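These notes concern the structure reproduced below.
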Amino acid sequence: METWRVLATALLAAAGLPLVLVVMAKVRDRTRSSGQVALGGVITFTLLVVVGVLTLTVLPGVVSWAFVAAVAAAASVMLLAG
């Protein structure tokens with residue numbers, strides 16, 4: 001496995017895990033439903049895991065780094081707006 005794939009996946013996870021928590025907090029603020037909060041967290045985490053596995057295995061470099069940048073930007077914006 002190439003080093004850049006491992007690095008991209010680690011950065012994706014580092015930016016994605018806070019994103020999962022922010023999404024759950026936003027859902028809680030909007031719905032006040034613990035079921036919806038759990039569903040939002042599960043969906044976000046599942047998407048993060050799928051993209052992470054694809055980054056580790058088959059995605060080309062440009063696409064992998066674009067996902068890393070998009071997740072980091074989304075997490076940054078949501079944390080700053082929060």
Side-chain angles (χ1 to χ4, degrees):
M1 192 164 304
E2 294 102 345
T3 305
W4 70 266
R5 289 188 180 276
V6 175
L7 181 62
T9 305
L11 290 173
L12 184 68
L17 291 178
L19 181 66
V20 171
L21 297 175
V22 170
V23 166
M24 290 174 73
K26 296 275 185 190
V27 171
R28 184 195 66 220
D29 289 344
R30 293 176 195 266
T31 64
R32 302 280 183 205
S33 168
S34 60
Q36 291 295 320
V37 171
L39 184 63
V42 166
I43 290 171
T44 307
F45 184 74
T46 302
L47 289 175
L48 182 64
V49 167
V50 168
V51 171
V53 168
L54 289 175
T55 299
L56 272 175
T57 56
V58 296
L59 288 178
V62 174
V63 176
S64 296
W65 289 109
F67 273 128
V68 171
V71 169
S76 298
V77 167
M78 290 180 88
L79 284 170
L80 290 174

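On a predicted model such as this, the values are computed, not experimentally measured, just so you know.
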Shared hydrophobic cluster for [X] and [Y] (ILVMFWY, side-chain gaps under 4.5 Å):
{"X": "Trp4", "Y": "Leu54", "value": "yes"}
{"X": "Leu56", "Y": "Leu17", "value": "no"}
{"X": "Leu47", "Y": "Leu21", "value": "no"}
{"X": "Met24", "Y": "Val42", "value": "no"}
{"X": "Leu59", "Y": "Val62", "value": "no"}

### Message
Please find the pair of heavy atoms, one from Ala15 and one from Ala75, that lie closest to each other, and give the distance.
### Response
O-CB, 3.6 Å

### Query
Are the side chains of Leu7 and Trp65 in touch, meaning some heavy atoms are under 4.5 Å apart?
yes

#### Entry: From CA spacing to verdict: side-chain contact (heavy atoms from CB on, under 4.5 Å), Thr44, Leu48
CA-CA 6 Å; Thr44 307; Leu48 182 64; 5.7 Å; no

### Message
If the test is side-chain contact (heavy atoms from CB on, under 4.5 Å), which one of Leu12, Val51, Val63 qualifies with Val68?
### Response
Leu12

#### Entry: Check: Thr55 main-chain N/O paired with Arg5 side-chain donor or acceptor under 3.5 Å
yes

